[in-house]
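A short write-up of the structure that comes next.
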Amino acid sequence: MSLIEVKVPDIGDYHDVPVIEVLVKPGDVLAPEDPICTLESDKATMDVPCPVAGVVREVLVKVGDKVAEGTPLIRLEAAEAGKGAEASSAPSESAAVTTPAQSGSAPALAATPSAPRSDAAAAVASSAPAYAGEVHHRCQLLVLGGGPGGYSAAFRAADLGLDVLLVEREAVLGGVCLNVGCIPSKALLHLAAGISARDHLAQAGIVFEAPKIELERVRAHRDEVVGRLTKGLAGMAKARGVRVLQGEGRLVGPHHLEVRRLEGDPARPSGTVEIVEFAQAILAAGSRPVRLPFQPDDPRVVDSTGALALPLLPQRMLVVGGGIIGLEMGTVYAAFGATVDVVEATADLFPGADRDLVRVWEKKNAGRFGALYRNTRTTALEARADGVWASFEGESAPKEAQRYDLVLVAVGRRANASLLGLEAAGVRVDERGFIPVDPQRRTNVPHIFAIGDLTGNPMLAHKAVHEGHVAVEAAAGRKAAFDALQIPSVAYTDPEIAWAGLTEAEAKARGLKVEKAVFPWAASGRAIANGCEEGFTKLLFEAETHRLVGGAIVGAGAGDLIGEICLAIEMGAEAGDIARTIHPHPTLIETVGLAAEVAEGSCTDLPPARKR
């Protein structure tokens, strides 16, 4: 045996990623792919697997440490058989693609050329054995997963004339985002914003009585919003001729998917299993919430789905995890009258956002939330008759266990790649549990594509939709590639926080010199009139080219305002292009133009800049 140092693998452009859980200790015997620790970045959580078999001799990190690619995690006494395991995981050279014989309404697709592939996701023909059993359905294109990425891919493929079959476990399309994520949370956050507006209105002489929360009617409103959208999706699928099977899909060969049929809402097994044969496939199966190892099975301990169900109106609530999901739901429950404590294992809330944005949120919410425990981890959750008792450890942790009526665990999400039977098709999964893809979203098996949360961070619906369109167009033989310069992130809290392109921290990590221009909303007439003057708009320009490379907004409606910055980055706009674009006045969107004027030195809505 030999002693080796296992390090953090390539995790993309992320730096200073916090360790939220260490899963091994000295003396543990590990097999290849056993998880070593869990990292959290933005909306995603990833396990770092052990590349080879061996015995842990020393653990080099602890919870709360921040790591990057190359950071040592453990010292491992590796078994001799494990040597060279990393090298053997690389894909082999490209080989010819074989498509299954098709019949009926699903003719075979001709192999189509693709864009150049990176070494990490070089497309190869699958060497996995072919399935030889009974087939119940045939299609040109299979889409596994009916979330925004999946249904968008299916609909686009149908529009391009492909015969499409979509497999989704739930009775309705829309996935996590539409049914138990983005959409219902925004419906509730809209109500919370209405409650919060009372303070500003009262200062202006418009006084309302204290709100009364009728929980059943709130739930009905949430369900009505979701229902209108799911019905619309069902109609569009039918109009396009997209076949939909309700069930859980698992690959059983390079061209076959086993579907364990489900029925009803909530979904339950129907007792039947069917096989789908496909020429090409798009995997869009999303992700699932991470559970704490000591998390009790108790209805008062919930994930984001459970929190959106509004099981009760708690007096005291704990949010474990200071990311976007946890703080959005904390905003809802705080507006509904709960005292909401937040515990975060690192020093920072809203991982991924620049700290100047977060400070605005912290100042406005100082009196709305309860305790904010930073650099503190939750060590135990004990369900008792009188509540859930939480114990903490860290620099700001309370010494005694605290009692809560409801606990939301929001420590990230894990890609569902491990649930899909990828090995049966020869599809490779990387060290982080994600599926490597090339710019066309092809996996190492050329006729199988992957999109959305399965392919890595950021885990966002709008990223998945664009990836889905690219994958379909590539599958149909068109020239397409996913080459976005920016993917916006938004926290729909109060105030909202939105950013696109590079952050200041990312620019610094890359060694890119940027020039920053900030326009404070305290100088915006519309912001003052709306009572949201605490916000600001920030633009980052590359110093050498003066092109916009990043931008951020904190304030009311930031998620709606960030779109102009997204477009400007993609178009390669310079400060002058934005500053000379006439924006409507008085509006919040004009703060983007005014920030560009600050960069140009031509802003007349602020005191004159000091001469250097």
Side-chain angles (χ1 to χ4, degrees), residues 18-25 37-40 45 59 61-66 192 213 289-351 358-359 361-412 493:
V19 177
I20 63 169
E21 189 175 358
V22 176
L23 304 170
V24 298
K25 61 184 182 299
C37 64
T38 303
L39 311 180
E40 181 183 45
T45 296
V59 178
V61 294
K62 63 183 183 301
V63 171
D65 285 355
K66 293 186 176 181
I213 310 298
V290 171
R291 284 180 60 90
L292 296 173
F294 49 81
Q295 186 172 327
D297 290 322
D298 186 279
R300 296 166 296 180
V301 180
V302 298
D303 57 18
S304 56
T305 298
L308 286 166
L310 299 175
L312 71 156
L313 289 177
Q315 290 186 332
R316 288 196 74 198
M317 178 181 180
L318 174 67
V319 175
V320 183
I324 290 176
I325 294 174
L327 293 174
E328 284 184 353
M329 292 313 304
T331 298
V332 170
Y333 279 90
F336 285 3
T339 298
V340 180
D341 293 348
V342 179
V343 57
E344 168 56 40
T346 71
D348 300 326
L349 303 178
F350 300 103
V358 179
R359 284 193 290 271
W361 181 92
E362 290 174 335
K363 183 177 180 180
K364 185 164 185 177
N365 284 276
R368 294 178 174 179
F369 280 68
L372 298 178
Y373 302 123
R374 296 180 180 80
N375 289 318
T376 301
R377 65 190 188 97
T378 307
T379 57
L381 294 173
E382 182 183 355
R384 302 179 189 173
D386 62 341
V388 179
W389 290 77
S391 299
F392 308 100
E393 182 179 277
E395 65 179 38
S396 62
K399 294 181 180 180
E400 303 296 330
Q402 301 292 303
R403 187 194 68 80
Y404 295 97
D405 303 302
L406 187 67
V407 175
L408 165 60
V409 177
V411 294
T493 49

Salt bridge (charged side-chain N to carboxylate O under 4.0 Å, His left out) with Arg291: which residues, sequence neighbours excluded? Asp297

Contacts of Lys66 meeting salt bridge (charged side-chain N to carboxylate O under 4.0 Å, His left out) (sequence neighbours excluded), chain-then-number -> Asp348

What pairs with Ala401 under side chain to side chain contact (heavy atoms under 4.5 Å, CB included), at least two apart in sequence or on another chain? Trp389, Ser391

What pairs with Thr376 under side-chain hydrogen bond (donor to acceptor under 3.5 Å, both in side chains), at least two apart in sequence or on another chain? Ser396

Could you give all pairs that pass the salt bridge (Lys or Arg N to Asp or Glu O under 4.0 Å) test and reach residues 388-402, with sequence neighbours left out? Arg377-Glu393

Which residue pairs pass the ring-ring contact (aromatic ring centres under 6.0 Å, His included) test with at least one member in residues 295-318, sequence neighbours excluded? none

Which residues satisfy the side chain to side chain contact (heavy atoms under 4.5 Å, CB included) test with Ala410, sequence neighbours excluded? Ile325, Leu408

Could you give all pairs that pass the ring-ring contact (aromatic ring centres under 6.0 Å, His included) test and reach residues 392-411, with sequence neighbours left out? Tyr373-Phe392

Would the distance check show the side chain of Asn375 and the main-chain N or O of Gly394 forming a donor-acceptor pair, the cut-off being under 3.5 Å? no

Sorted by chain and residue number, the side chain to side chain contact (heavy atoms under 4.5 Å, CB included) partners of Asn365 (sequence neighbours excluded) come out as Trp361, Arg368, Phe369, Pro495

Among all residues two or more places apart in sequence or in another chain, which pass the side-chain hydrogen bond (donor to acceptor under 3.5 Å, both in side chains) test with Thr346? Glu344

Under the rule for side-chain hydrogen bond (donor to acceptor under 3.5 Å, both in side chains), what residues qualify as partners of Thr38, not counting sequence neighbours? Asp47

Listed partners of Val358 passing side chain to side chain contact (heavy atoms under 4.5 Å, CB included), at least two apart: Leu349, Phe350, Ala353, Arg355, Glu362

